[in-house]
Amino acid sequence: MPVLIAHTISEATEILAENPDATILNGGTDLMVEVNFNHRHPSSVLLLRNVPQLREWSIDSSQQTITIGAGVPYAAMETGAIAAAVPALAQAARTVGSPQIRAAGTMGGNLGTCSPAGDTLPVLSALEATIHLSSQDGERTVPFGEFMVGPKKNSRLQHEIITAVTLPVTGNRQGYSKVGVRNAMVISVASACFAIVDDTPRLAMGSVGPTILRAVKAEKFLAEATKDLDNISDEIAREFGEIASTEARPIDDHRSTAQYRAHAIKVLASRLAVRGTAS
Ligand SMILES: Cc1cc2nc3c(=O)[nH]c(=O)nc-3n(C[C@H](O)[C@H](O)[C@H](O)COP(=O)(O)OP(=O)(O)OC[C@H]3O[C@@H](n4cnc5c(N)ncnc54)[C@H](O)[C@@H]3O)c2cc1C
């Protein structure tokens with residue numbers, strides 16, 4: 001299998017234009033598993049790991065945003081400046097796999113796979129992140145809500161690479177938590193990100209639908225129930241969780257049941273609303 005190695009973003013898009021069937025490889029923690037299990041058979045691979053631009057990140061203080069390169073590994077998000085700017089993303093990154101997976105795995109790969117269980121995706125949904133894509137035709141940005149279109153399906157065009165993600169730096173309370181069959185090295189059976197953005201509560205739910213779902217009714221209820229979003233009462237939080245769980249669309253599968261997932265969302269949502277953490 002030919003491995004095509006890019007050193008810059010423009011080189012990567014050029015290679016992709018010349019080799020439209022090439023499969024993009026970043027950390028390889030999803031793709032190589034699929035190849036090893038004989039589920040995918042790439043005719044060639046475009047390796048992005050040697051593109052330094054994709055591992056850069058920057059904060060725009062005037063816009064109050066952070067832009068994180070698609071090749072920044074989870075390990076770099078767990079602590080430090082990225083974690084301070086987007087605490088929920090750090091919480092999500094800390095729950096991904098093992099230290100080895102977090103050293104190699106990237107948000108670009110999480111977006112490329114677009115599993116409803118992808119840990120960064122509820123954070124990108126709640127914070128209404130923007131995805132940056134690049135190709136020989138130019139650059140475009142897509143709101144996360146329009147990027148993920150189904151289970152393991154996104155709106156990236158075959159000749160585009162995901163280059164970065166822009167998120168707001170809110171300075172307000174936000175948190176991510178997931179439930180799995182054990183405490184570590186686990187794919188979520190339900191996950192949620194709660195965030196306050198522009199004085200408005202947001203809740204995004206993972207692993208309980210074909211895409212990441214926003215709990216719009218629960219968000220509306222909470223916005224109307226209290227103006228003091230930093231001190232949400234247990235009673236309001238409980239109702240918030242109950243409404244959120246009615247908005248989930250969970251299924252039974254090998255990891256869990258729909259009933260347990262709906263219950264888990266109720267607990268995650270209400271705890272995140274009160275404490276900013278569900279643990
Ligand atoms: C043991 C183990 C545990 C794991 N635990 C978790 C977990 O707890 N939570 C979780 O969310 N995930 C988990 N994963 C899955 C995986 O680690 C993540 O999805 C990770 O984010 C993938 O990133 P990557 O860079 O390795 O992607 P890759 O494997 O390189 O690529 C994944 C997909 O995205 C595409 N892609 C990658 N980069 C780009 C780009 N820049 N532009 C366009 N397409 C791109 C690839 O073509 C491929 O289809 C686990 C995996 C393993 C093996």
Side-chain angles (χ1 to χ4, degrees), residues 1 3-4 6 8-9 11-13 15-16 19-37 39-51 53-56 68-78 89 91-125 131-135 139-140 142 147-148 151-165 176-191 193 206-207 212 255:
M1 174 174 64
V3 177
L4 309 160
T8 62
I9 291 175
E11 203 182 341
T13 58
I15 292 172
L16 212 46
N19 303 269
D21 293 334
T23 302
I24 296 171
L25 176 70
N26 210 323
T29 60
D30 270 329
L31 182 63
M32 294 317 294
V33 174
E34 300 231 313
V35 170
N36 288 342
F37 279 109
H39 295 158
R40 278 176 84 172
H41 310 94
S43 53
S44 61
V45 159
L46 166 59
L47 182 67
L48 295 182
R49 221 175 299 164
N50 296 347
V51 180
Q53 280 165 287
L54 294 177
R55 290 199 305 275
E56 290 172 0
I68 303 171
V72 172
Y74 293 116
M77 302 173 202
E78 291 177 59
L89 185 64
Q91 288 169 350
R94 284 181 212 124
T95 74
V96 174
S98 61
Q100 293 88 338
I101 296 295
R102 296 196 292 275
T106 64
M107 194 149 58
N110 222 213
L111 282 163
T113 298
C114 247
S115 160
D119 279 310
T120 65
L121 307 185
V123 181
L124 305 191
S125 172
I131 317 304
H132 299 257
L133 298 151
S134 191
S135 74
E139 295 181 3
R140 68 178 181 118
V142 182
F147 183 79
M148 186 174 187
K152 300 202 169 179
K153 286 193 174 61
N154 61 47
S155 57
R156 178 185 77 86
L157 303 174
Q158 174 64 22
H159 67 300
E160 290 178 320
I161 66 166
I162 303 161
T163 54
V165 175
Y176 172 82
S177 213
K178 78 185 189 190
V179 171
V181 292
R182 53 178 183 263
N183 274 344
M185 274 293 285
V186 72
I187 302 296
S188 72
V189 300
S191 63
C193 177
S207 288
I212 305 303
R255 285 205 190 97

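One-based numbering, in listed order, for ligands and for the atoms of each.
- Nearest protein heavy-atom neighbour of atom 53 (C) of ligand 1: Thr29 O, 3.3 Å.
- Across every non-hydrogen atom of Leu89 and Val123, the tightest pair is N-CG1, 3.8 Å.
- Here Val186 has backbone heavy atoms under 4.0 Å from ligand 1, and that is the only part of it that gets that close.
- In this structure a side-chain-to-backbone donor-acceptor pair under 3.5 Å is present from Ser115 to Ala117.
- Considering backbone and side-chain atoms together, Leu31 places an N or O closer than 3.5 Å to an N or O of ligand 1.
- The ligand atoms of ligand 1 that sit less than 4.0 angstrom from a heavy atom of Ile187 are 5 (N), 6 (C), 7 (C), 13 (C).
- Counting protein heavy atoms only, atom 28 (P) of ligand 1 is closest to Gly28 N, 3.4 Å.
- Residue-level proximity to ligand 1 for Thr95 is carried by the backbone, the only part with a heavy atom below 4.0 angstrom.
- For ligand 1, the atoms closer than 4.0 angstrom to any heavy atom of Leu48 are 40 (C), 41 (N).
- How far CE of Met148 is from CD1 of Ile131: 11.0 Å, rounded to the nearest 0.5 Å.
- Looking at Thr23 next to ligand 1, no N or O pair under 3.5 Å apart turns up.
- Heavy-atom proximity to Gly118, at under 4.0 Å, picks out these atoms of ligand 1: 11 (O).
- Atom 34 (O) of ligand 1 has as its closest protein heavy atom Gly112 CA, 3.2 Å.
- Heavy atoms of Arg40 found under 4.0 angstrom from ligand 1 belong exclusively to the side chain.
- With Arg55 contributing its side chain and Arg49 its backbone, the two residues share a donor-acceptor pair below 3.5 Å.
- By the 4.0 Å heavy-atom criterion, Lys178 is counted among the residues contacting ligand 1.
- Atom numbering of ligand 1 starts at 1 in the shown order; those under 4.0 Å from a heavy atom of Gly27 are 24 (P), 25 (O), 26 (O), 30 (O).
- Only side-chain heavy atoms of Val33 come within less than 4.0 Å of ligand 1; its backbone N, CA, C and O stay farther off.
- Proximity of Arg156 to ligand 1, defined as any heavy-atom pair under 4.0 Å, is confined to the side chain (atoms from C-beta onward).
- Not a single heavy atom of Glu34 lies less than 4.0 angstrom from ligand 1.
- Other residues, nucleotides and ligands contribute over 12 non-hydrogen atoms within 6.0 Å of the CG atom of Asn36.
- In this comparison of Gly109, Ser115, Ala117, the heavy atom closest to atom 37 (C) of ligand 1 sits on Gly109.
- Nearest protein neighbour of atom 42 (N) of ligand 1, counting heavy atoms only, is Ile162 N, 2.9 Å.
- Atoms SG and CG, from Cys114 and Asn154 in turn, are 4.5 Å apart once rounded to the nearest 0.5 Å.
- The closest side-chain heavy-atom distance from Leu16 to Leu46 is below 4.5 Å.
- A donor atom on one side chain and an acceptor atom on the other are found under 3.5 Å apart for Asp30 and Thr113.
- There is no side-chain donor-acceptor pair under 3.5 Å between Thr163 and Ser134.
- Protein heavy atom nearest atom 50 (C) of ligand 1, with residue, atom name and distance: Ile101 CG2, 4.1 Å.
- Not one N or O on the side chain of Glu160 forms a donor-acceptor pair closer than 3.5 Å with the backbone of Leu133.
- Between the side chains of Asp21 and Ser43, no donor-acceptor pair of N or O atoms lies under 3.5 Å.
- The shell of residues lying under 4.0 angstrom from ligand 1, judged by heavy atoms, excludes Leu111.
- For atom 39 (C) of ligand 1, the closest non-hydrogen atom on the protein side is Ile24 CG2, 3.5 Å.
- The closest protein non-hydrogen atom to atom 7 (C) of ligand 1 is Asp119 OD2, 3.4 Å.
- Judged purely by atom type and a 3.5 angstrom limit, Lys178 has no side-chain atom pairing as donor or acceptor with the backbone of Gly206.
- For the residue pair Pro116 and Lys152, the shortest heavy atom distance occurs at CD-N, 4.3 Å.
- For atom 32 (C) of ligand 1, the closest heavy atom belonging to the protein is Thr113 OG1, 3.4 Å.
- Arg102 places a side-chain N or O within 3.5 Å of a backbone atom of Val96 that can act as its donor or acceptor partner.
- Between Gly97 and ligand 1, at least one pair of N/O atoms sits closer than 3.5 Å.
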